[in-house]
Visitor: 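Please read through the structure below; I'll follow up with questions.
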There are 4 protein chains.
Amino acid sequence: MLYFKNDYSEGAHPALLKRFFETNFEKLDGYGEDKYSQSAKEKIKQATACPDAEIFFISGGTQTNQVVIATMLSRHEGVLAAQTGHVACHEAGAIEYTGHKVITLPQYEGKINHNDIASFIDAFYADESHSHMVYPGMVYISHPTEYGTLYTKEELTKISETCHKYNIPLFLDGARLGYALTAETDVTLPLIAELTDVFYIGGTKCGALCGEAVVFTKKNAPKHFTTLVKQHGAMLAKGRLIGVQFDMLFNGSFYTDICRNAIETAQMLKDAFREKGYKFFIDSPTNQIFIILENKQMEKIKENVCISYWEKYDETHTVVRFATSWATSREDVEKLIELL
Amino acid sequence: MLYFKNDYSEGAHPALLKRFFETNFEKLDGYGEDKYSQSAKEKIKQATACPDAEIFFISGGTQTNQVVIATMLSRHEGVLAAQTGHVACHEAGAIEYTGHKVITLPQYEGKINHNDIASFIDAFYADESHSHMVYPGMVYISHPTEYGTLYTKEELTKISETCHKYNIPLFLDGARLGYALTAETDVTLPLIAELTDVFYIGGTKCGALCGEAVVFTKKNAPKHFTTLVKQHGAMLAKGRLIGVQFDMLFNGSFYTDICRNAIETAQMLKDAFREKGYKFFIDSPTNQIFIILENKQMEKIKENVCISYWEKYDETHTVVRFATSWATSREDVEKLIELL
Amino acid sequence: MLYFKNDYSEGAHPALLKRFFETNFEKLDGYGEDKYSQSAKEKIKQATACPDAEIFFISGGTQTNQVVIATMLSRHEGVLAAQTGHVACHEAGAIEYTGHKVITLPQYEGKINHNDIASFIDAFYADESHSHMVYPGMVYISHPTEYGTLYTKEELTKISETCHKYNIPLFLDGARLGYALTAETDVTLPLIAELTDVFYIGGTKCGALCGEAVVFTKKNAPKHFTTLVKQHGAMLAKGRLIGVQFDMLFNGSFYTDICRNAIETAQMLKDAFREKGYKFFIDSPTNQIFIILENKQMEKIKENVCISYWEKYDETHTVVRFATSWATSREDVEKLIELL
Amino acid sequence: MLYFKNDYSEGAHPALLKRFFETNFEKLDGYGEDKYSQSAKEKIKQATACPDAEIFFISGGTQTNQVVIATMLSRHEGVLAAQTGHVACHEAGAIEYTGHKVITLPQYEGKINHNDIASFIDAFYADESHSHMVYPGMVYISHPTEYGTLYTKEELTKISETCHKYNIPLFLDGARLGYALTAETDVTLPLIAELTDVFYIGGTKCGALCGEAVVFTKKNAPKHFTTLVKQHGAMLAKGRLIGVQFDMLFNGSFYTDICRNAIETAQMLKDAFREKGYKFFIDSPTNQIFIILENKQMEKIKENVCISYWEKYDETHTVVRFATSWATSREDVEKLIELL
């Protein structure tokens with residue numbers, strides 16, 4: 001059975017596991033105070049060219065979104081996100097659980113645009129009864145988006161300018177950031193650090209067993225952030241678990257080196273889909289490929305390949321997702337292409 | 001200055017104030033255990049023809065929506081509401097504050113329809129990842145809606161059937177219920193009690209100084225409801241404050257008798273608007289009238305009349321609301337008509 | 001049946017009800033923007049000699065405690081209170097519902113003392129793992145306390161100094177403040193305004209049908225406080241309901257004038273208890289009298305008098321509470337004394 | 001520098017790391033649906049002799065306590081715990097964050113007893129105003145306790161009987177359960193499964209890099225538990241991270257085999273302390289040793305040994321903790337003994 005269902009179906013890059021072995025019996029302080037966590041933070045500061053960065057490690061993406069949004073918003077505020085944003089759809093109400101509304105904006109291939117943000121906020125303040133409404137308090141974007149698409153430097157710059165014009169922070173969810181950085185793009189890690197107020201660098205989907213690195217870019221981490229992380233139940237006693245992994249991921253260009261494989265294998269696959277006349281639901285430049293399949297054809301493929309149902313297209317067609325990752329082998333891609 | 005800004009700009013019907021005087025020095029138990037609250041509940045049971053009703057009094061509408069929704073939903077559930085529903089827009093995130101998502105459906109003149117409810121729930125359960133999503137756990141409608149419109153018996157019946165098919169409760173926000181019952185309608189109070197699982201009868205906007213009567217119609221009040229009301233800070237020590245008022249409001253047909261004035265005065269006003277060629281934004285059968293005014297015309301009217309800004313219509317026009325109430329005098333309506 | 005069960009068993013002082021009648025048909029803005037609310041605020045500013053005061057009206061005591069504490073605390077903070085404090089015991093977890101811990105301190109006849117506050121905070125910061133604990137973020141006291149006792153000027157001053165030394169606000173719950181101000185005391189309303197950061201003046205138990213006046217004394221109301229009040233469901237559409245009452249209560253010395261009756265009638269009663277050899281559980285200078293009754297004696301009294309069970313004293317004795325109020329008649333007190 | 005500061009200062013048992021390598025490239029489903037998680041659950045069912053067990057893996061202890069307590073309690077309920085219980089003290093208010101009160105009971109060497117539970121609940125229901133209070137809805141105990149002490153079979157049985165008499169669940173926090181099971185005790189894993197309603201088996205402090213196994217023992221997992229775990233941000237995409245580890249930990253008697261080392265090395269240390277005349281603060285049978293040190297002596301030891309400050313004993317003495325673990329080497333223990 002081939003497996004293109006998602007980008008978190010393997011363990012971790014072996015180099016990370018190896019580091020667990022090598023460091024295993026060193027006696028380290030808990031709660032992220034260990035030297036590997038510290039070293040990883042220094043490396044991330046360098047990779048982001050952001051000396052003011054305040055960095056924290058959290059075990060997973062939903063947890064990270066929940067903690068960051070809940071601690072950065074004031075109580076009267078909600079977060080603006082695309083209708084298709086992960087926080088709006090697929091986190092079981094984790095944001096609302098913390099008492100905050102997710103205010104949705106239109107999405108264009110998974111992205112939001114700066115005009116819609118500005119229009120929303122202008123209309124909000126123009127409404128005479130806005131003090132009876134949830135204030136827009138933050139903008140959330142994902143990069144790559146849930147549809148694998150990427151913001152351009154220009155788009156991101158305009159969103160950033162809009163947020164700062166209205167004095168609300170911009171938060172970028174980088175669960176798959178490794179695949180954004182290695183796709184064809186003019187958006188770099190330092191640029192993200194410059195334009196956003198907080199973002200996270202995904203580990204779980206980009207080579208680690210678990211873990212995301214939250215980067216507050218402007219010395220703007222919420223006061224008592226570690227206490228708040230603890231209050232959310234999100235603090236690991238063995239902070240080394242994530243620290244050791246990110247210390248390896250940000251050793252030189254290791255993070256992007258290993259992520260590039262997902263882009264390359266996705267490209268092979270997209271070329272094959274195109275050549276064989278498959279219909280793309282969306283043209284994603286990263287590691288998620290959305291294809292419209294005739295339902296019978298889908299059933300046939302699923303006999304040999306694990307893929308993700310995405311959404312119903314029409315009565316006889318379905319949108320499915322093929323995902324590659326740092327771990328996808330060219331051999332598997334070739335086998336899949338043969339089956340297409 | 002004439003005043004058509006809203007339906008809560010006067011105090012209470014004098015008959016209610018008179019009851020305060022008459023009962024003032026009777027020594028009564030607190031927290032709704034007094035005899036007037038008990039008597040009011042009995043009268044409401046009769047008026048709703050719902051012997052199984054469990055009735056509670058809460059001071060205001062947002063508080064009522066918050067307490068009812070938060071206590072009836074399970075933690076993994078959210079509430080379905082129109083995009084324009086009060087709980088979705090104008091309660092400053094009171095529902096999300098309790099940890100629950102408001103899931104919005106399309107609105108048609110302020111109403112939702114049963115097909116959209118069914119489609120949403122079907123699509124939800126068809127989605128393979130729905131266990132990572134907020135479950136639809138209740139349907140919220142307002143009657144009259146925020147646009148003054150009313151559900152017909154057929155519409156309400158279908159919504160009720162849909163809810164019960166999917167085994168989720170139907171909650172009807174009756175902040176202005178008195179004006180729904182006295183407009184041209186085939187929806188009666190007993191019908192509402194039959195078709196909904198919980199609803200509230202608005203006092204604040206229908207003749208009382210404050211207070212709403214929540215009616216759980218199927219012996220289905222959440223367990224320990226009074227403790228939960230207390231936990232929300234929503235329990236009044238002097239329960240008589242609301243009990244005495246509802247005991248008078250539901251004395252015979254007093255509630256609808258006094259509310260009818262709003263419908264009659266609104267009708268006078270609508271006739272005049274129509275006659276003078278004003279453009280209606282929506283054709284409401286109740287006490288809220290939404291008119292599209294040219295901006296200069298609006299400014300002129302506002303010199304003599306307090307009205308509510310509703311929303312921008314286009315660059316040169318604005319939607320405004322004229323509201324009547326149980327207290328609106330025909331004399332004021334006539335004065336307003338002269339000014340139009 | 002005589003009624004000494006509590007101080008909220010009558011309606012409102014007739015002068016307040018009269019004001020409802022007089023102002024009833026004036027068309028006023030909602031949500032506390034009416035002129036009576038504004039006027040009441042001005043009068044309270046004068047009565048508290050606190051020109052920087054920011055004043056808001058909320059319908060009841062638990063609601064007020066919940067909103068004030070939840071909006072003044074940061075998320076990592078809890079509130080310090082006496083073990084017997086209302087927020088710690090009798091609000092059904094209303095504070096915890098907002099996500100904050102109530103940290104209890106020892107009580108001495110219902111009061112806490114400044115040394116315990118200081119010791120607690122010192123020990124907290126001395127604990128190496130305090131970042132894994134709930135930070136002390138506010139001190140809550142009630143005056144009169146739940147046992148009817150009063151802080152002296154010296155005690156209150158020291159508590160205030162301690163709070164400010166540690167840079168946390170002092171919140172005084174004045175649900176029965178009228179009875180504190182009219183008892184034998186060196187604590188005045190201006191002194192309370194000076195020493196606390198926020199306090200509330202009780203209406204519900206001191207002559208009003210409902211309503212408490214929250215006073216932020218140092219221009220320190222939480223930002224967007226009205227939106228937060230709305231979010232808690234605590235905002236009344238007809239703000240006049242409380243505004244009109246407080247405008248009358250703070251007309252000259254009316255508030256203390258009417259509350260004095262509770263002190264005087266309580267004094268009559270205490271003299272009688274003392275004379276007849278009853279045993280006091282606590283020596284309260286205000287309107288709540290706690291007496292230890294032999295159980296059979298209690299049952300006998302309860303045949304003719306409604307009183308409150310307070311707590312079990314021992315196998316054969318019970319602590320009960322007799323409460324007077326602004327409305328207690330001397331005639332009733334005399335009848336009760338005859339029965340003792 | 002010797003290191004006896006805590007029991008989470010090393011990585012994982014090498015056998016677990018080895019399993020990461022061996023299983024690393026198997027393509028597995030996420031969110032705990034992988035075969036290793038399934039296998040681990042089967043093994044735990046067997047080890048607990050509890051075929052009705054419903055088992056879930058969560059990354060850390062505070063997260064587990066938070067999710068279990070918040071999802072098992074009804075909204076009007078709080079959890080009873082020792083004053084020194086982890087949930088009461090050292091989780092930064094994680095329980096209150098979910099809206100629930102931690103109600104504290106007296107502790108005796110870290111333990112609570114069944115009489116105090118019964119007395120509390122009896123007094124609660126005897127209080128006429130208990131509907132205005134937080135209901136006791138669960139009992140939380142830790143085993144070993146925060147002081148390293150253990151409940152006996154008799155104590156645990158009585159607590160269990162008391163809970164079930166009052167119809168509230170018993171939750172046992174087993175963050176260090178491996179050290180409870182391998183100390184001198186008559187409490188076995190099957191007994192725990194029998195007497196509690198839910199408990200967790202600690203991984204983080206007992207040989208794993210992270211992870212705790214929650215066991216609902218009576219087919220009583222809260223409905224939609226995985227959705228609620230997701231809502232708390234507590235669900236790992238790569239469920240294998242914990243599944244693989246527990247599958248190894250519960251391979252035969254591996255879990256207790258590796259934990260026994262902590263007990264044996266603690267015993268060596270306790271013998272030495274006793275022999276050398278050190279004063280024990282508490283007599284713990286497990287891997288945490290609490291010693292009262294004269295302050296200068298403490299400073300001297302800390303030059304060579306990392307230990308935990310626990311609490312101030314008196315002006316000149318301090319309570320400190322020495323902890324051993326599955327990873328403590330006899331060599332280190334001997335070196336430490338030499339230094340004493």
Visitor: Pick one of side chain, backbone, both or neither for B:Thr64, based on which atoms fall under 4.5 Å of a heavy atom in chain C.
Guide: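 No part of it gets close to chain C.
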
Visitor: Tell me, do C:Cys210 and B:Leu241 make a side-chain contact under 4.5 Å, heavy atoms counted?
Guide: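 Heavy-atom side-chain distance check passes, below 4.5 Å.
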
Visitor: Answer with side chain, backbone, both or neither: which region of C:Leu236 has an atom nearer than 4.5 Å to a non-hydrogen atom of chain B?
Guide: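 Contact with chain B involves the side chain of C:Leu236 alone.
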
Visitor: Checking C:Ser329 against chain B: side chain, backbone, both or neither under 4.5 Å from a heavy atom?
Guide: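 Neither part.
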
Visitor: Between B:Arg240 and C:Leu209 (side chain of the first, backbone of the second, donor and acceptor by atom type, cut-off under 3.5 Å), is there such a pair?
Guide: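 No.
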
Visitor: Name the region of B:Tyr97, side chain, backbone, both or neither, that has any atom closer than 4.5 Å to a heavy atom of chain C.
Guide: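 Contact with chain C involves the side chain of B:Tyr97 alone.
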
Visitor: Can you list the steps and then say if B:Leu17 with C:Asn24 is a side chain to side chain contact (heavy atoms under 4.5 Å, CB included)?
Guide: CA-CA 9 Å; B:Leu17 295 185; C:Asn24 194 45; 3.6 Å; yes

Visitor: Looking only at non-hydrogen atoms, find the nearest pair between B:Gly30 and C:Tyr8 and report the distance.
Guide: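 Scanning both residues, the minimum pair turns out to be CA-CE1, 4.3 Å.
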
Visitor: Nearest 0.5 Å, please: how far is NZ in C:Lys205 from NZ in B:Lys238?
Guide: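 The NZ atom of C:Lys205 is 10.0 Å from NZ of B:Lys238, to the nearest 0.5 Å.
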
Visitor: Restricting to non-hydrogen atoms, name the atom on C:Thr62 and the atom on B:Gly233 that form the minimum distance, rounded to 0.1 Å.
Guide: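 Of all heavy-atom pairs spanning C:Thr62 and B:Gly233, the closest is CG2-CA, 3.9 Å.
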
Visitor: Need one label for B:Gln66: side chain, backbone, both or neither, based on atoms under 4.5 Å from any heavy atom in chain C.
Guide: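 Contact with chain C: side chain only.
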
Visitor: Under 4.5 Å from any heavy atom of chain C, what part of B:Tyr36 do you find: side chain, backbone, both or neither?
Guide: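 Contact with chain C involves no heavy atom of B:Tyr36 at all.
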
Visitor: Taking side chain as everything from C-beta outward and backbone as N, CA, C, O, which of these in C:Lys5 sits under 4.5 Å from a heavy atom of chain B? Side chain, backbone, both or neither.
Guide: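 Side chain only.
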
Visitor: Checking C:Ala175 against chain B: side chain, backbone, both or neither under 4.5 Å from a heavy atom?
Guide: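 Neither; nothing under 4.5 Å.
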
Visitor: Regarding B:Asp29 and C:Tyr3, is there a side-chain donor-to-acceptor distance under 3.5 Å anywhere?
Guide: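 Present: a donor and an acceptor within the cut-off.
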
Visitor: Which heavy atom in B:Gln63 sits nearest to a heavy atom in C:Gln63, and how many Å separate them?
Guide: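 Taking B:Gln63 first and C:Gln63 second, the nearest heavy atoms are OE1-OE1, 2.6 Å.
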
Visitor: I'd like to know which of C:His232, C:Glu26, C:Met235 tops the heavy-atom pair count under 4.5 Å against chain B.
Guide: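 Maximum pair count with chain B is reached by C:His232.
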
Visitor: Could you tell me which non-hydrogen atom of B:Ala92 sits nearest to which non-hydrogen atom of C:Lys230, and how far apart they are?
Guide: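 Shortest heavy-atom contact: CB-CG, 3.7 Å.
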
Visitor: Is any NZ, NE, NH1 or NH2 atom of the basic residue among B:Glu10 and C:Lys27 found under 4.0 Å from an Asp or Glu carboxylate oxygen of the other?
Guide: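 Yes, charged N to carboxylate O under 4.0 Å.
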
Visitor: Mind checking side-chain contact (heavy atoms from CB on, under 4.5 Å) for C:Thr328 and listing every partner two or more places apart, or none if nothing turns up?
Guide: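 Once residues adjacent in sequence are excluded, the partners of C:Thr328 under the side-chain contact (heavy atoms from CB on, under 4.5 Å) criterion are C:Phe4, C:Asn261, C:Thr265, C:Thr324, C:Ser325, C:Val333.
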
Visitor: Can you tell which part of C:Phe25 gets under 4.5 Å to a heavy atom of chain B, answering side chain, backbone, both or neither?
Guide: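 When you check distances to chain B, atoms from both the backbone and side chain of C:Phe25 fall under 4.5 Å.
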
Visitor: What residue in B:Gly61, B:Ala12, B:Ala327 has the most heavy-atom pairs under 4.5 Å with chain C?
Guide: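 Top count of heavy-atom pairs under 4.5 Å with chain C: B:Ala12.
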
Visitor: Residues two or more places apart in sequence or in another chain: which of them pass side chain to side chain donor-acceptor pair (under 3.5 Å) with C:Ser37?
Guide: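 Counting only residues at least two positions away or on another chain, C:Ser37 forms a side chain to side chain donor-acceptor pair (under 3.5 Å) with C:Asp34.
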
